[in-house]
Amino acid sequence: MSNIYWDSFKTFFKIGLFTLGGGYAMIPLIEEEVVNKKQWVSKDEMLDLIAIAQSCPGVFAINIAIFIGYKLKKERGAFATAAGTALPSFMIILLIAMFFHQFEDNKVVAAMFRGIRPAVVALIAVPTFNLAKRAELNKWTIWIPIVSALLIWLLGVSPIWIIIIAGLGGFVWGKVKR
């Protein structure tokens with residue numbers, strides 16, 4: 001019988017080790033492992049966990065790992081998944097910090113980083129579009145992400161206010177629908 005703590009740690013360590021582009025780029029890998037392969041959470045639960053993780057302060061990847069780990073095995077599960085997610089980044093950043101000064105002026109390294117940037121944008125864009133599809137946007141709700149993005153981008157409204165207003169709006173809508 002496998003140890004769920006070790007299994008969840010390894011799963012999130014692997015995801016953290018092979019994902020460039022931060023938490024949003026991790027979503028497809030997390031979903032594949034946690035929803036499709038291991039079936040620790042359902043697709044609907046995953047969508048809810050993503051929404052909650054985005055709304056909480058802190059690093060998105062750690063937040064989502066903590067929520068999944070907590071669902072699995074409470075505090076110890078949350079610690080295992082959070083450690084698994086954070087440890088690869090910590091180790092990689094430590095190695096880069098130790099040796100970066102030797103390569104910072106290297107044209108090949110600079111070119112590699114310029115090449116990685118567009119790929120990271122794609123890694124973030126794909127899960128965003130997938131989330132939009134699963135959010136079941138329709139002619140009545142499509143305006144919410146559009147207006148939110150425009151308010152943040154054009155008017156500089158804090159995303160925190162957008163989250164608060166959207167949360168309150170969802171709460172009121174849920175009360176009205178009942």
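Owing to the predicted nature of the structure, the values given are computational and were not obtained by experimental measurement.
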Separation between [atom1] of [X] and [atom2] of [Y], rounded to the nearest 0.5 Å:
X: Asn3; Y: Lys10; atom1: CG; atom2: NZ; value: 9.5 Å
X: Lys38; Y: Ile30; atom1: NZ; atom2: CD1; value: 13.5 Å
X: Thr85; Y: Ile15; atom1: OG1; atom2: CD1; value: 7.0 Å
X: Ile142; Y: Leu137; atom1: CD1; atom2: CG; value: 4.5 Å
X: Leu87; Y: Ile92; atom1: CG; atom2: CD1; value: 9.5 Å
X: Lys107; Y: Arg114; atom1: NZ; atom2: CZ; value: 9.5 Å

Between [X] and [Y], is there a shared hydrophobic cluster once you connect ILVMFWY residues whose side-chain heavy atoms come closer than 4.5 Å?
X: Ile163; Y: Ile165; value: no
X: Val157; Y: Leu168; value: yes
X: Ile160; Y: Ile144; value: yes
X: Ile93; Y: Met98; value: no
X: Phe18; Y: Phe9; value: yes

Whichever hydrophobic residues join Val121 through chains of side-chain contacts under 4.5 Å: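 Its cluster partners, ordered by chain and number, are none at all.
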
According to side-chain hydrogen bond (donor to acceptor under 3.5 Å, both in side chains), who are the partners of Asn36, at least two apart in sequence or on a separate chain?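 Asn36 satisfies side-chain hydrogen bond (donor to acceptor under 3.5 Å, both in side chains) with Glu32 only.
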
Using side-chain hydrogen bond (donor to acceptor under 3.5 Å, both in side chains) as the criterion, list what pairs up with Lys14, not counting sequence neighbours.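 Scan of Lys14 (side-chain hydrogen bond (donor to acceptor under 3.5 Å, both in side chains), adjacent residues dropped) gives Glu33.
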
Within the 4.5 Å heavy-atom criterion, are Phe13 and Met91 side-chain neighbours or not?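 A side-chain contact under 4.5 Å exists here.
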
Would you say that Trp40 contacts Ser8 through its side chain, given a criterion of any heavy-atom pair below 4.5 Å between the two side chains?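 A side-chain contact under 4.5 Å exists here.
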
Other residues, nucleotides and ligands only: do more than 12 of their heavy atoms fall within 6.0 Å of CZ on Phe79?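 Not more than 12 within 6.0 Å, no.
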
Take atom CE of Met112 as the centre, draw a 6.0 Å sphere, and report whether it contains more than 12 heavy atoms from other residues, nucleotides or ligands.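 For Met112, atom CE is not crowded (no more than 12 foreign heavy atoms under 6.0 Å).
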
Under the side-chain contact (heavy atoms from CB on, under 4.5 Å) rule, collect the residues that match up with Phe99, sequence neighbours excluded.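 With sequence neighbours excluded, Phe99 shows a side-chain contact (heavy atoms from CB on, under 4.5 Å) to Leu95, Gln102, Phe103, given in chain and number order.
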
Specify the closest pair of heavy atoms between Gly16 and Pro88, including all atoms of both residues, with the distance to one decimal.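 Reported closest heavy-atom pair: C-CB, 3.7 Å.
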
Return each pair, listed once, that meets side chain to side chain donor-acceptor pair (under 3.5 Å) where at least one residue sits in residues 137-158; pairs must be two or more places apart or across chains.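 Sorted pair list: Asn138-Thr141.
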
Dump the intermediate steps for side-chain contact (heavy atoms from CB on, under 4.5 Å) on Leu151 and Ile162, then the final yes or no. CA-CA 8 Å; Leu151 286 171; Ile162 301 296; 3.8 Å; yes

Could you pull out all donor-acceptor pairs under 3.5 Å where a side-chain atom in residues 45-71 meets a protein atom, sequence neighbours excluded?
{"unit_1": "Glu45", "atom_1": "OE1", "unit_2": "Ser42", "atom_2": "N", "d": "2.7"}
{"unit_1": "Glu45", "atom_1": "OE1", "unit_2": "Ser42", "atom_2": "OG", "d": "3.3"}
{"unit_1": "Ser55", "atom_1": "OG", "unit_2": "Ala51", "atom_2": "O", "d": "2.8"}
{"unit_1": "Asn63", "atom_1": "ND2", "unit_2": "Ala53", "atom_2": "O", "d": "3.2"}
{"unit_1": "Asn63", "atom_1": "ND2", "unit_2": "Cys56", "atom_2": "O", "d": "3.4"}
{"unit_1": "Asn63", "atom_1": "ND2", "unit_2": "Pro57", "atom_2": "O", "d": "3.4"}

